[in-house]
Amino acid sequence: MSKEVRVRFAPSPTGPLHIGGVRTALYNYLFAKKMGGKFLLRIEDTDQTRFVPGAEEYIQESLAWLGISPDESPWNPGDCGPYRQSERKPSYMQYALDLVEAGHAYYAFDTSEELEAMRERLEAARVVQPQYNNITRTQMKNSLTLSEDEVKAKLAAGEPYVIRVKIPRNEEVRLNDMIRGWVMVHTSTLDDKVLMKSDGMPTYHLANIVDDHLMNITHVIRGEEWLPSAPLHVLLYKYFGWEDTMPEFAHLPLLLKPDGNGKLSKRDGDKLGFPVFPINWENKENGETAAGFREQGYLPDAFLNFLSFLGWNPGDEREIFSLEELIKAFSVERIGKSGTKFDIAKAKWYNEQYLRAKSNPELAEYVISGASADGITILPETAEAIVSLTKERVTFPADLWQECKFVVTSPAEFDEAIASKRWNADAVTVLTAYAELLEGYTGAYDAEKAKAMLGETAEAKEIKLGKVMQAVRLAITGVGVGPDLMEIFAILGTEEVAKRIRFALASLEVIG
RNA sequence: GGUCGGUUCGUCUAGGGGUUAGGACGUAUCCCUUUCACGGAUAAAACACGGGUUCGAUUCCCGUACCGACUACCA
């Protein structure tokens, strides 16, 4: 009988979650759902000095936006609470003491000055790697070098101390990573990491082992930056006697900067020209806003689809996957090993695909709200007409309105570059004649009719329509690019088209 | 520096002892369109390097190079 799969996403609330973290959460979610298990969220707030207000809510909102909300979390607790490490504080010390008792950990009383002095001493002696380990601990103030009475006295006197793990001198630690296979590390390269800090809080290393055990976590899926400390974690499972239920590990490849130098970090922000956060983040300290994908107009499904392909692929040639389909197709075996550069062009492409898949009435809402933000009230029919004109050519919902503003606001000025190239005598001739024609016309007017009439006008003047089309577009919209012009004519109607032509004729200088 | 990890088109990747090394994004060209796009077609574009093993290696092994992570009383 196999146990229920339980995975956790365990961010620390030190600021906004960046997309690497979001991808980790997503893979955890996909794996849990694929296996019919549970996805939990645990807040790792053991560093009280780095706590940032609002970060927890940010995490919650980001996951909710993407539709990958946890089954158990601080806000939706299951049977393994609390889901915030700060609230689990009372339980950790005993575990650390058990380790001391068993000889796998010890008290250390060294002050930060003494630690600094030790590092300097070692550096002076050209020790390449100054660390608190099985050699240097013999020269420090700890329960291994002090007598039992001295230790008791210090403890009784309330002297600050930490508890460090006692890494064995000569052992090989093996770890079978689900993505990387066997990883072996010799304990001589490990240091005696602090397990309990002097403020009474555990470090990540202790807390994550204790909590994963207590919360029945079966698989730890996390970023590659944790791989170097994974052997320590394996050792801790062994010392606690929890080897039988030790979770399996999967260390995800890193998300890299587009230039390939280093992992994508929170600081990269929009200085790289794209967001690195799922949703906007207001920095309360400096009042700055870090851009989020949501606010930039990325659709959650598109973003999720894009993110899922950063380091994973289904093994066939499909590209578009709903969340349901991702769950079905997902497997840890198909996660790659190498770091992944972040390519915003692909994200845009995904967004376009998802945008076009939406219905016109749905998209019309974006146009209506875009217009209303500009103080313009627009009819649903007009909004839908704009949508059908534009949806095939935009990336973001907001573009729908931006690209078609001129439908409801006639141009006040005209693109200089186009005017200087295209506003010639032929254009003026055709446009003047077309305006006259429209002004005397009262029949039906649709895109086809508009085109036919324009064609006839040009033909009558013996001018090729193609030669003057850009100028016609300029007169009507003020710019050189945009949706199908004849469709725009139809939406505008004869009167408005004629009016705009007259205005352009009066405003623009004819070239050469 | 040390430890660990990684390396297939510019990017995301498929593949795997014998393949014309496949797809997608992006780029370019052409077609469609008397406008703008969409769309369609085509093209350029990759197995880091050196040794081994083998009839044969991009694929397996070993080195080298390069890239990255880690190296806190941070996670």
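This structure is a prediction, so every number in the text was calculated from the model and none was measured. Labels below follow one simple rule: chain letters A, B, ... track the order of the sequence lines, proteins then strands, and each chain is numbered from 1.
- Residue-environment remark: NZ (A:Lys467) stays at or below the threshold of 12 foreign heavy atoms within 6.0 Å.
- No hydrogens or angles considered: nothing links the side chains of A:Asp426 and A:Thr429 as a donor-acceptor pair under 3.5 Å.
- Under the rule for a ring pair (Phe, Tyr, Trp, His ring centres under 6.0 Å), the partners of A:Phe309 that lie at least two apart in sequence or sit in another chain are A:Trp312, A:Phe321.
- Per the geometry, CZ belonging to A:Arg222 stands 12 Å off C1' belonging to B:C70, to the nearest Å.
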Scoring nucleotides 4-15 of chain B by protein non-hydrogen atoms under 4.0 Å (B base, S sugar-phosphate only, - none) yields SSSS---SSSSS

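- Mapping A:Trp349 and A:Gln85 onto RNA chain B by nearest heavy atom places A:Trp349 at the nucleotide closer to the 5' end.
- Scanning for side-chain hydrogen bond (donor to acceptor under 3.5 Å, both in side chains) contacts around A:Glu159 gives A:Lys154, with sequence neighbours left out.
- Nucleotide B:C25 forms a pair with B:G10, judged by Watson-Crick or G-U wobble geometry with both contacts under 3.5 Å.
- Judged by distance alone with a 3.5 Å cut-off, a donor-acceptor contact links the side chain of A:Ser198 to the base of B:C73.
- Using a 4.0 Å heavy-atom cutoff across all strands shown, A:Lys348 reaches no nucleic acid atom at all.
- On a pure distance criterion of 3.5 Å, no polar donor-acceptor pair joins the side chain of A:Arg393 and the base of B:C38.
- Under 4.0 angstrom from either OP1 or OP2 of B:C73 there lies at least one side-chain N or O belonging to A:Arg164.
- B:A28 and B:A37 have their P atoms separated by 12 Å, given to the nearest Å.
- Between A:Val194 and A:Met196, the shortest heavy-atom contact is CG1-O, 3.3 Å.
- The residue A:Asp110 sits close to a base: some heavy atom pair falls under 4.0 Å.
- A:Tyr204 pairs by the ring pair (Phe, Tyr, Trp, His ring centres under 6.0 Å) definition with A:Trp226, A:His233, not counting sequence neighbours.
- For A:Thr46 and B:A75, the shortest distance from a side-chain N or O to OP1 or OP2 is below 4.0 Å.
- B:C30 is paired with B:G40 under the criterion used here, namely a Watson-Crick or G-U wobble arrangement in which both key atom distances are under 3.5 Å.
- Checked against B:A75, B:C73, B:A69, the side chain of A:Leu254 finds its nearest nucleotide in B:A69.
- For B:C38, the O4'-C1' to base torsion is within 90° of 0; the nucleotide is therefore syn.
- For A:Gln402, the side chain to side chain contact (heavy atoms under 4.5 Å, CB included) partners at least two apart in sequence or on another chain are A:Lys405.
- Atom name C1', nucleotides B:U8 and B:A24: the rounded distance is 15 Å, in whole Å.
- The separation between A:Leu474 atom CG and B:U35 atom P is 17 Å, rounded to whole Å.
- Pairing for B:G63 is with B:C49, a Watson-Crick or G-U wobble pair whose two hydrogen-bonding atom distances lie under 3.5 Å.
- Between B:U35 and B:G26, the distance separating the two P atoms is 24 Å to the nearest Å.
- Around atom CD of A:Glu172, more than 12 heavy atoms belonging to other residues, nucleotides or ligands sit under 6.0 Å away.
- At a threshold of 4.0 angstrom between heavy atoms, the contacts of A:Leu485 include nucleobase atoms, whether or not backbone atoms are also involved.
- Nucleotides B:U20 and B:G10 have their C1' atoms positioned 23 Å apart, rounded to a whole Å.
- Residues meeting the ring pair (Phe, Tyr, Trp, His ring centres under 6.0 Å) test with A:Phe293, sequence neighbours left out: A:Tyr298, A:Phe303.
- Comparing B:A43 with B:A21, their P atoms sit 14 Å apart, to the nearest whole Å.
- One interatomic measurement links the two molecules: OH of A:Tyr204 to C1' of B:C70, which rounds to 13 Å at whole-angstrom precision.
- Atom-to-atom, CE of A:Met93 to C1' of B:C73 comes out at 12 Å; the value is rounded to the nearest Å.
- Pairing partner, B:G68: B:C4, with both Watson-Crick or wobble hydrogen-bond distances short of 3.5 Å.
- Nearest to the side-chain atoms of A:Lys451 among the listed nucleotides B:U71, B:U34, B:G22 stands B:U34.
- The nearest whole Å value for the distance from the CE atom in A:Met486 to the C1' atom in B:A37 is 14 Å.
- Note: CG (A:Asp399) to P (B:A37) measures 15 Å, nearest angstrom.
- Rounded to whole angstrom, the span from the NZ atom of A:Lys257 across to the C1' atom of B:A69 amounts to 13 Å.
- Using the Watson-Crick or G-U wobble rule with both distances under 3.5 Å, B:U20 pairs with nothing in any strand shown.
- What separates CE of A:Met118 from C1' of B:C73 is a distance of 13 Å, to the nearest Å.
- For A:Glu225, counting side-chain heavy atoms from C-beta on, the closest listed nucleotide (B:C74, B:U34, B:C70) is B:C70.
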Might you work through the side chain to side chain donor-acceptor pair (under 3.5 Å) test for A:Asn360 and A:Ser388, ending with a clear yes or no?
CA-CA 7 Å; A:Asn360 288 6; A:Ser388 59; 4.6 Å; no

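- Nucleotides B:U58 and B:U13 are separated by 16 Å at their C1' atoms, to the nearest Å.
- A gap of 30 Å separates the P atoms of B:G6 and B:C25, to the nearest Å.
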